[in-house]
Visitor: 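Have a look at this one before I ask anything.
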Amino acid sequence: MLILAIDTSSATATTALMEDGRLLAEYNQNSGKTHSQRLMLMIDDMLKSCGKKPEDVDLYACAAGPGSFTGLRIGASAVKTMAQVFNKPIAAVPTLDALAYNLFNFNGLVCPTLDAQRGAVYSGLYKWENNKLLKLEDYRVIDGKALVDKLTALNQQVAILGDGVEVLKQIDLTKSNILIAPPGHLQPRASSGAAIAQQMQENGFVESCYSFRPVYIRKSQAEVEYEKKQELTTRPMELKDVDDVWEIEKLSFRTPWSRESFVEEMQTNQRARYVLAELGDTVVGYGGMWFIVDEAHITNIAVHPDYRGQKIGEKVVEAMIAAAQRESINSLTLEVRVTNTPAINLYKKLGFDEVGIRKGYYTDTGEDALIMWYK
Amino acid sequence: MLRIISKSAEQTYKLGEKLGKNLQQGDIICLTGDLGAGKTAFTKGIGAGLDVKEFITSPTYTIINEYNGSIPLFHFDVYRLEGVEEMYELGYEEYFFGDGAVVIEWADIVKDIIPQERLWVTILRSNEEDSREIIFDASGERYQNIVEELMQYADTSH
């Protein structure tokens, strides 16, 4: 059985000819995206140099995606046309599976990536077990930085490959558990696609030129909208924000302040300064303080429960320090429940020191308060 | 904002050519205006400015045409699109953030995905038969510089 495999899903154009499991030829070109001009010439040259004719091909293997939309379309239209003319089946080879196949039996995780523009990559996660490639995660579009964080958190050796590596390289990988595959394995290789296509053929997973279509993955509209709204900003609180803030107050504290107290803080308390954090147009956190002589006493800090764990508290405290400093107040103090370790750690990180304990400060539980100072 | 009156299709073309000469990788030019006002003539000019040798036609049915010049020229005509959703399906990001300059005819149809910094060109018919009003609206320093160059050109060519 003669398999003609192609992959034009990324910066590399690659074609291979495999006969009964033996690789006859493989052409790889990684010199810029001119796939539409190069692909048919590569196929023609490869077939001729192997003494084969187009009609000798029994099965077409085509990189089916994810990947560059344009690249996938070039490959799909070439393969669909040949398959239609010669009435032969097509194996739709998942691009990232084929990339992971480049690192046969690698002893660690394999993360193939393809450039998805604007700092994002298409990626998947695989491991080899008993000579079989196991897909651990579905294909996705993910921001390069987020992917590196995710892979680092896995705490085991991960090999990355594909043209998405160029995106990930913008992030410092030197101290991480992430390895970059060597040049010969780094880019898609049609021989990997051909090997997978052969297995697909044996398992009956081939299709006709009419049913074959590329798999485009892209950011969903929801994600795109979400990202637009993602930007976190801080600003001074105003009277119109009282309801939003009070909502967060109620969700955050066992003995919340009343709505009236916040109105009073805004309208009459000359000492009070409040800072808001907003994700897009949504108020997600706030912090308040009173300026007493040359010190700022932090009264309350809260982050909406739906938005915790996104370093919003940190942004709020930083904004409060900055707001105090703008008015030449360089010392800030606060009390925190001695059991509230995450908050204590956050304050320490931002430069607050523990200076003492107020016994039984919290009337609801009788808990002690830790006094902290920023100077 | 720069307003230029073009007296003929020839002048519209020349203006496009001047603009084309100043374009770089990643530049986004949005084109709107009356039907038959000369959007395609203007784009042909841009192509000439970018040393495109091929014949430029409006990609009304192909949506995107790609031309090889000093840098690639990606010519969109989004007239037939229903909205931005279809731009995502086309994989527009590969062109907008790719290695060429982008011209989008009927860009108002997909304005939600047009980057904040861009040059918006509106071509309007006027009362006189062949005369056109061409309005250049630049957003961002890069495009303001381009418009300034055009302004100097317009001053010297009339």
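Values in this document were obtained by computation on a predicted structure and should not be read as measured data. Naming convention: chains lettered A, B, ... in sequence-line order (proteins, then strands); numbering from 1 in each chain. Excluded from the calculations below are hydrogen atoms, water molecules and symmetry mates; all remaining heavy atoms, backbone and side chain alike, are included.
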Visitor: Does any non-hydrogen side-chain atom of A:L151 lie less than 4.5 Å from one of A:L125?
Guide: yes

Visitor: Test side-chain contact (heavy atoms from CB on, under 4.5 Å) on B:L73 and B:L23 and set out the steps.
Guide: CA-CA 10 Å; B:L73 171 63; B:L23 291 185; 5.6 Å; no

Visitor: For B:N22 and B:Y153, which I'm curious about, is there any donor-acceptor pair between the side chains at under 3.5 Å?
Guide: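 No - no donor-acceptor pair under 3.5 Å links their side chains.
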
Visitor: Please state whether the side chain, the backbone, both or neither of B:D99 comes within less than 4.5 Å of a heavy atom of chain A.
Guide: neither

Visitor: With a 3.5 Å cut-off and no angle check, do the side chains of A:T14 and A:D7 form a donor-acceptor pair?
Guide: no

Visitor: Need one label for B:E89: side chain, backbone, both or neither, based on atoms under 4.5 Å from any heavy atom in chain A.
Guide: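 Both parts, backbone and side chain.
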
Visitor: Check whether B:F96 gets within reach of chain A through its side chain, its backbone, both or neither, counting any heavy atom under 4.5 Å.
Guide: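 Neither part.
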
